Amino acid sequence: MLIVSSLAYAAQVQIAISTDHTDMVLATNKANQLMFMYYGTKVGCPQQFEQFQSYRRSDYSTEPLAYPARGGRFFNQPALAVKYSDGDANTELTYSSHETKNISSDVKQTTVLLSDTKTSLEVQLVYTAYLKEDVIMAHAVITNKGKKDITLENYASSAINLKASSYLLTHYYGSWAREMQVEHELLTHGIKTIENKMGVRTTHTENPSFMLSLDNSSLDENHGEVIAGALAWSGNYKLQFQMDETDRLSIICGINDYASAYTLKKGATFSTPEMIWTFTTSGAGQASRNLHDWARRHYIYSKGHLAYTLLNSWEGAYFDFNTKTLTDMIDDAAAMGLEMFVLDDGWFGNEYPRNSSRAGLGDWQTNTQKIPEGIAYLADYAHKKGIKFGIWIEPEMVNPSSNLAHKHPEWIVKSSGREITTTRNQWLLDLTRPEVQDFVFSVFDETMKKGEGKIDYIKWDCNRHVESFGSTWLTEQSRFFVDYTLGLYSVMKRIREKYPNTIIQSCSSGGGRVDFGALEYFDEVWTSDNTEALSRIFIQYGTNMIYPAATTGSHVSAVPNHQTNNITPLKFRFDLASTGRMGMELQPANMTKEERTFAAKAIQSYKQLRHLVQDGDLYRLVSPYDGNHYALMYVSKDKKEAMVAAFCIHYQGRTKTPKIRLHGLDPQMKYSIEEINNEKPSFWGNGKTFSGAWLIGQGINPQLVKLYDSGIWHLKAQE
Ligand code: DGJ
């Protein structure tokens, strides 16, 4: 397979954006346009690119532009569409210059300057190459150097071009409590779009990320060419895959242009969000590991933080608690060995008490009926018990029944003269407005102050999307969607300057804000409101294809499960929670003594293994979509330690034991295997030592045959 874009005439300037194992090559043609030549295994910038002939009709102008702009002879999907003050809607970008600089010993940045042939529009394409992780991050900086304002009608972050015989797109879809379901589809001619237009809570239905298998009709974990992509943006997004009549695929990703024409004043610059690309010849597993390594080492906020185990009050108490309920939960959390207690929704509002979702949002004063002693008392209580303390806020929202809604009706997102609709009984605050940004910052800041220095964690929720978009602040309504997200990021920047060490979770009715844009400021995400372990397998399987396991909260909750009614064994629930950032979300007072003893043991075991989940390499061993089992493993970077987890998700008779072949181990090393959280080990090899080669070739065959049987094994290299 050759992933080569075509070029009908000789290249003049060639630019290679290289990582340790990949090259992305751009080159100018004789018309001085910047073309996207290649993305794949290392080829450098050989002379052949200069002589390359695509045999396409150059007078049709269908060659692959590196940043295709609407107009001129170009007629495919544009990355950039501009309308000028004279009504002209054409842009024809040509190459001006480029430079590459070292950001660090293993990060290089190449900036290519393009300019329009007629106007004073400039575009910088900025490519940041992470050498070791084989990741390239790309964005565009658009500057209006002219004397008149212009309108950006489309302003994507990045475009790439590929040529393969087939393209299998793997992407994620879902809904509330069923996020990140994995779907595969062989692309056909025409355009496939993955997008969201809901403004906020943008990742329930689709996610701004994907994998693309080249020349392969199924997603292979370990072999074959795979490109993965993810857009770092928490607002409306659009990922477009256009296959043309020559089977060339053009991928354009960025902010959704839906209702978002953006005036760029004279002299002004717009910087698009980062698009993250990775390429590998070693299958989807390696694509995930590249993204995870890049995210953990370079991008997400929680680099190197320890992700604490916690008890969250939501499913255990909902809105119904007082100080005693909470201090009892803190006692129970500490007794089971959890490291943090998180007080969820319901702690605030007096005149409009937050006793249900119908009132109180916006009035962030501690409810004196429920917690007369105050938040600092609870935080102090937790600290005295040796555990950390976290608290929930939803600062972007307001209930109509609140003092805030009465005081500041102008702060609410609304379209002039139209009805303001409620979702979950609430309205959205207009984060495009500077005073609202100040207010949202102050909700965080004041909540932190309530804890008198003892709040360690904030769960930031966001439980509705945008409807009837509009702002009484903005003069240009079509800026709303973009400025909302920029407003959120500006608040997060302020928060991070003041609170660099507070752990912050991005929650949005579960997984509604799961994207790399959020993870630049937030330490982790609440993966889903569905805490039921079987559903969660599918949700976490999809989420961790792109986002590292350490950033995905995974809680053990009560049965029958509150979302699905399903009943799964406690061990199954704990084993699954062990594959992410473990937590519990139930009323411990309702657990039996045996259940508490089991929980304490499972939490203790997780603490011994969590460095593998947090820092190790993820190998997906058996897909839950493929049969009766789900299995995965995490391997330490030095390959001396690993954790394997397996789950029976369909009953298929008592004799159909799975054969789980392991990956990522050193074939030359010898590993001891110890099953944890199980008094009667399910694998005959428990306590024995096996060579890495044996485990890779033969694998393990645990007796996980009954529905919801599960196992976790700790592998340790023997000297
Ligand atoms: C939605 C979140 O996803 C839940 O975890 C919980 O925090 C509720 N909101 C509280 O209202």
Side-chain angles (χ1 to χ4, degrees), residues 174-180 198 200-205 234 310-321 325-326 329 340-349 352-364 367 370 389-399 401-402 422-428 443-444 447 455 457-465 503-515 518 522-533 535-536 539-540 543 551-558 561-564 577 580-587:
S175 55
W176 172 77
R178 191 171 175 261
E179 297 86 341
M180 294 299 275
M198 295 160 96
V200 296
R201 214 166 56 159
T202 50
T203 63
H204 273 148
T205 48
S234 310
L310 59 87
L311 174 68
N312 176 295
S313 67
W314 181 239
E315 287 194 23
Y318 291 110
F319 295 102
D320 186 14
F321 54 79
T325 326
L326 302 176
M329 285 177 111
M340 180 151 61
F341 173 74
V342 178
L343 170 55
D344 210 282
D345 199 351
W347 59 267
F348 51 90
Y352 298 94
R354 182 73 173 165
N355 292 329
S356 74
S357 66
R358 285 188 291 279
L361 284 176
D363 298 351
W364 296 100
N367 181 300
K370 288 183 184 177
F389 182 80
I391 194 164
W392 178 97
I393 54 174
E394 193 180 1
E396 295 156 82
M397 304 288 167
V398 61
N399 282 121
S401 294
S402 68
T422 54
T423 295
R424 205 192 189 218
N425 310 303
Q426 66 199 54
W427 291 328
L428 185 66
V443 172
F444 192 104
T447 305
I455 291 183
Y457 175 105
I458 294 276
K459 172 173 175 178
W460 179 304
D461 207 346
C462 170
N463 286 304
R464 68 159 293 167
H465 54 268
I503 305 166
I504 315 178
Q505 181 187 69
S506 164
C507 171
S508 180
S509 313
R513 197 177 258 164
V514 178
D515 58 76
F522 293 85
D523 295 84
E524 62 169 32
V525 296
W526 180 221
T527 324
S528 177
D529 271 355
N530 187 342
T531 54
E532 186 262 314
S535 312
R536 200 81 188 192
I539 295 167
Q540 290 180 195
T543 306
T551 63
T552 50
S554 182
H555 295 177
V556 172
S557 59
N561 179 269
H562 297 189
Q563 289 77 37
T564 69
R581 195 276 290 134
M582 177 191 275
M584 291 180 76
E585 188 162 332
L586 43 63
Q587 173 50 274

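Indexing begins at 1, ligand by ligand and atom by atom, following the structure's order. No experiment lies behind these values; they were computed from the predicted model shown. All heavy atoms count here, side chains included; hydrogens, waters and symmetry mates do not.
Proximity to Asn463 (heavy-atom distance under 4.0 Å) selects the following atoms of ligand 1: 1 (C), 9 (N). Near Trp526, meaning under 4.0 Å from one of its heavy atoms, ligand 1 places the atoms 3 (O), 5 (O).
Proximity of Cys507 to ligand 1, defined as any heavy-atom pair under 4.0 Å, is confined to the side chain (atoms from C-beta onward). Contact annotation for Arg424 and ligand 1: only side-chain heavy atoms (C-beta onward) come within less than 4.0 Å of the ligand.
The nearest protein atom to atom 5 (O) of ligand 1, hydrogens excluded, is given as Lys459 NZ, 2.7 Å; this is a heavy-atom distance. Counting protein heavy atoms only, atom 7 (O) of ligand 1 is closest to Asp344 OD1, 2.7 Å. Here the heavy atom of the protein found nearest to atom 9 (N) of ligand 1 is Asp461 OD2, 2.7 Å.
Aromatic ring centroids of Trp314 and Phe319 lie under 6.0 Å apart.
In terms of polar-atom proximity, Ser508 is not counted as a contact of ligand 1, lacking any N or O under 3.5 Å from an N or O of the ligand. At a 3.5 angstrom cut-off on N or O pairs, Glu585 does not count as close to ligand 1. Checked against a 3.5 angstrom limit, the closest N/O atoms of Gly510 and ligand 1 fall inside it. In terms of N/O distances under 3.5 Å, ligand 1 is approached by Trp392.
The distance from the CZ atom of Phe341 to the CG atom of Asn312 is 7.5 Å, given to the nearest 0.5 Å. Going from atom NZ of Lys370 over to atom CG of Asp320 covers 7.5 Å, rounded to the nearest 0.5 Å.
Residues Ser234 and Asp515 have side chains that bring a donor and an acceptor to within less than 3.5 angstrom of each other. Gln426 and Ser357 form no side-chain donor-acceptor contact under 3.5 Å, judged by distance and modelled atom types alone. Using a 3.5 Å distance cut-off with no hydrogens or angles, the side chains of Arg581 and His555 do pair a donor with an acceptor. In the model, Gln540 has a side-chain atom that pairs as donor or acceptor with a side-chain atom of Ser554 under 3.5 Å.
By the 30° and 60° cut-offs, the orientation of the rings of Trp347 relative to Trp364 is tilted.
In this structure, of Asn312, Asp529, Asp345, the residue bringing a heavy atom nearest to atom 10 (C) of ligand 1 is Asp345.
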